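In this text, all values refer to a predicted model and were calculated from it rather than measured experimentally. Residue numbers begin at 1 in each chain, while the letters A, B, ... track the order of the sequences.
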Amino acid sequence: MLPSWFRSSARDLLWRRPAFHETYGAWGVLVSEFMLQQTPATRVIPHLEAWLHRWPTPAAMAEATTAQVVHQWANLGYPRRALWLHRAAIEIVERHGGVVPRDVDALLALSGIGDYTARAVAVFSYGDRHPVVDTNTRRVLARAIDGRAHPSPPSRRDLTLMEALLPDDDEEAAMFNAATMELGATICTARAPRCDLCPVADECAWLAAGRPDTGDARRRQAAYEGSDRQARGAVLRVLRDAAPDAVPLTAVIPEWPDARQRDRAIDSLIADGLAEADGEGLALPR
DNA sequence: AAAGCGGGGGT
DNA sequence: ACCCCAGCTTT
C-alpha cells in the first residue's frame, strides 16, 4: 500500500523535516518549490539552505536587490525564476502583509506560481486538500490508471483525475500527494521503472498489460549545445563572476563563435530584467 | 497548443 | 549522444 510504503521508504529531504517547517514555515516551502521547478531535488538542497539563511522571510527578501537575488541563484538554471521569486516576495509583503497566502487563487496570482506550485504550498505547508500534480504524478497516473508508458502533456484533466483519487481526510490527502510524487521519483521512473519494488504493482494497468511501449507523448527539447539558452547562460555566468562590477561589452564572452547570437543573448537578458547596460558596460540589474 | 527558457547528472 | 528533471510565462 502506498501510505505505508511512503512512511518506510520516503527520502529524508530537507523540506520534509519538521524543523524546516518550524523555522521557515510556508516561506520555506514556497522557496523550495520555486527551486524544484525543473531542477532535481538533490541539486536544490544546498542552494535552498543558503537562500533561506540569507532571506528567512518574504520581507527580508523583498528588501534585496535584483542583482543580489540573481547572484544568489547561482547556477540553478532558469534564472527568471529568481526574478519571479523576488517579485512574489514583494507581492506577498504588499498584498498579504508578509504572510504567504493559504488560498490557492491568491497563490496563483503571485509571480512565477502555477498550478503545481500553488497547490504544493497549500498542501505541504498548510495541510489543505488539493490535487498536487507534478511530472512524477502524471507519469504514475498515466501508467497505473491509463496503462500508458508516458503521460500526455499537462492538462486540467490531471487535476480532476488526481482530485478523484484523493482520500477525504486532509492529512491523508497530503500524504497521498507526496507519496505519488515520491513513487514517480524513485520507483516509477521515466527511464527504468522498478516495478518489482512498487507498492501498487497489483493495481497498475500498465504492468498488467505487460508494460507496453505506448510511445512517448513528450515533446523533445531543442539541443542545448549551440542554443541561445547556452549563450544566455554564458553571459550571465560572466556577470555573476564579475559582480558587483560591470563588464565592458567587448569583454562579454568575446570568443563566442556566433557574434550575432551573443548580441541576441545580451539583448534578451536585458529585456528579461536579468542584466543592465550602462556606460561601464553590462552588469546584473541594480 | 506550442515555444522558449539552464544546467547538471544518469544511461 | 540523448534523456530527464517537484514548471511557468508568453505567444
Side-chain angles (χ1 to χ4, degrees), chain A residues 6 10-11 13-16 28-48 70 73-85 87-88 107-125 130-141 149-159 162 174 177-186 188-194 216-240 261 264-265 267-269 271-274:
Chain A
F6 184 70
R11 294 166 293 174
L13 298 169
L14 176 62
W15 44 90
R16 289 183 179 154
V29 174
L30 181 60
V31 175
S32 74
E33 297 300 348
F34 263 88
M35 292 185 173
L36 287 163
Q37 292 168 4
Q38 292 289 280
T39 304
T42 51
R43 254 189 86 201
V44 160
I45 290 169
H47 289 94
L48 177 61
V70 174
W73 195 257
N75 62 337
L76 262 178
Y78 290 144
R80 293 188 295 187
R81 290 184 290 169
L83 297 182
W84 293 334
L85 177 54
R87 202 173 303 155
L107 286 161
L108 283 170
L110 298 173
S111 297
I113 293 192
D115 285 331
Y116 167 76
T117 304
R119 289 170 179 79
V121 170
V123 171
F124 300 136
S125 182
H130 304 283
V132 181
V133 177
D134 76 332
T135 186
N136 294 303
T137 304
R138 294 201 346 268
R139 185 173 52 253
V140 170
L141 295 182
H150 302 285
S152 308
S155 74
R156 310 301 303 186
R157 173 183 177 270
D158 306 329
L159 289 178
M162 188 64 175
N177 277 308
T180 306
M181 292 168 62
E182 183 74 3
L183 187 66
T186 62
C188 194
T189 54
R191 196 64 73 85
R194 308 167 66 181
D216 192 341
R218 282 182 70 95
R219 183 175 55 84
R220 228 192 75 173
Q221 178 170 279
Y224 183 60
E225 190 67 27
S227 67
D228 284 14
R229 288 182 354 196
Q230 184 185 33
R232 285 167 53 103
V235 170
L236 206 52
R237 175 181 295 271
V238 168
L239 299 188
R240 281 200 309 267
Q261 183 179 56
R264 194 161 64 238
D267 289 344
S268 72
L269 286 170
D272 284 351
L274 285 164

Measure distances between side-chain N and O atoms of A:Arg43 and base N and O atoms of B:dG8, and say whether any donor-acceptor pair falls under 3.5 Å. no

Given the P atoms of B:dG8 and C:dC8, what is the spacing between them in whole Å? 23 Å

A:Arg139 near the nucleic acid: base, sugar-phosphate alone, or nothing, with a heavy-atom cut-off under 4.0 Å? sugar-phosphate

Quickly work out the A:Arg264 CZ to B:dC5 C1' distance and round it to whole Å. 14 Å

To the nearest Å, how far apart are A:Leu110 CG and C:dC8 C1'? 13 Å

Let's see if you can work this out: which of B:dG8, C:dC5, B:dC5 has an atom nearest to the side-chain heavy atoms of A:Arg237? B:dG8

Counting only heavy atoms not in A:Arg16, do more than 12 sit closer than 6.0 Å to its CZ atom? yes

Side chain to side chain contact (heavy atoms under 4.5 Å, CB included) between A:Val132 and A:Thr137, intermediate numbers included: CA-CA 8 Å; A:Val132 181; A:Thr137 304; over 6 Å; no

A:Gln221 has an atom CD; how far is it from atom P of B:dC5, in whole Å? 10 Å

A:Phe6 has an atom CZ; how far is it from atom C1' of C:dA6, in whole Å? 12 Å

Given C:dC4, C:dC5, B:dG7, identify the nucleotide with an atom nearest to the side chain of A:Gln38. C:dC5

Using the P atom in both, what is the distance from B:dA3 to C:dA6, to the nearest Å? 24 Å

Check every atom of C:dC4, C:dG7, B:dG7 against the side chain of A:Tyr224 and return the nucleotide holding the closest atom. B:dG7

Could you check how far CD of A:Gln230 sits from P of B:dG4, rounded to whole Å? 16 Å

base_contact_polar (B:dG7 base, A:Thr39 side chain, donor-acceptor, <3.5 Å): no

In terms of heavy-atom contacts, does CZ of A:Arg194 have more than 12 from other residues, nucleotides or ligands at under 6.0 Å? no

Would you say A:Ser152 and A:Arg157 are linked by a side-chain donor-acceptor pair, where the criterion is simply a distance under 3.5 Å? no

Short N-O contact, A:Asp228 and A:Arg232, less than 4.0 angstrom: no

On the nucleotide B:dG7, are OP1 or OP2 found under 4.0 Å from the side-chain N or O atoms that A:Arg229 carries? no

For A:Arg232, answer base if it contacts any base atom (sugar-phosphate contacts may also be present), sugar-phosphate if it contacts only those atoms, and nothing otherwise; contact means non-hydrogen atoms under 4.0 Å. sugar-phosphate

Want to settle it: does A:Leu36 or A:Leu108 sit nearer the 5' end of DNA chain C, counting the closest nucleotide to each? A:Leu36

For A:Ile113 and for A:Leu13, locate the closest nucleotide of DNA chain C by heavy-atom distance; then report the residue assigned to the nucleotide nearer the 5' terminus. A:Leu13

Measure the distance from CZ on A:Arg80 to P on B:dC5 and round it to the nearest whole Å. 7 Å

With a 4.0 Å cut-off on heavy atoms, is A:Asp115 in touch with a base, just the backbone sugar-phosphate, or nothing at all? sugar-phosphate

Passing candidate, side-chain contact (heavy atoms from CB on, under 4.5 Å) with A:His130, options A:Val123, A:Asn177, A:Val121: A:Val123

Rounded to whole Å, please give me the gap between CZ in A:Arg138 and P in C:dC5. 9 Å

Within the structure shown, what part of the strands sits under 4.0 Å from A:Thr117 by heavy-atom distance: base, sugar-phosphate, or nothing? sugar-phosphate

Assess, by modelled atom type and distance only, whether the side chains of A:Tyr116 and A:Gln37 contain a donor and an acceptor separated by less than 3.5 Å. no

Looking for any heavy atom pair under 4.0 Å, which part of the strands does A:Pro79 touch: base, sugar-phosphate only, or nothing? sugar-phosphate

Phosphate contact (C:dA6 OP1 or OP2) by A:Thr135 side-chain N/O below 4.0 Å: no

Going by purine N1 to pyrimidine N3 plus the second Watson-Crick contact, or the G-U wobble pair, all under 3.5 Å, which nucleotide sits opposite C:dG7? B:dC5

Any base atoms under 4.0 Å from A:Ala41, or only sugar-phosphate, or nothing? Heavy atoms, all strands. sugar-phosphate

Would you indicate what A:Trp73 reaches in the nucleic acid, counting non-hydrogen atoms under 4.0 angstrom: base, sugar-phosphate, or nothing? nothing

Rounded distance in Å - CH2 (A:Trp84) to P (C:dT10): 7 Å

Name the nucleic acid region contacted by A:Leu83, choosing base, sugar-phosphate or nothing; use a 4.0 angstrom heavy-atom cut-off, strictly under. nothing

Where the side chain of A:Arg191 is defined as all heavy atoms beyond and including C-beta, which of B:dG10, B:dC5, C:dG7 is the nearest nucleotide? B:dG10

Any side-chain N or O of A:Asn75 less than 4.0 Å from the OP1 or OP2 oxygen of B:dG7? no

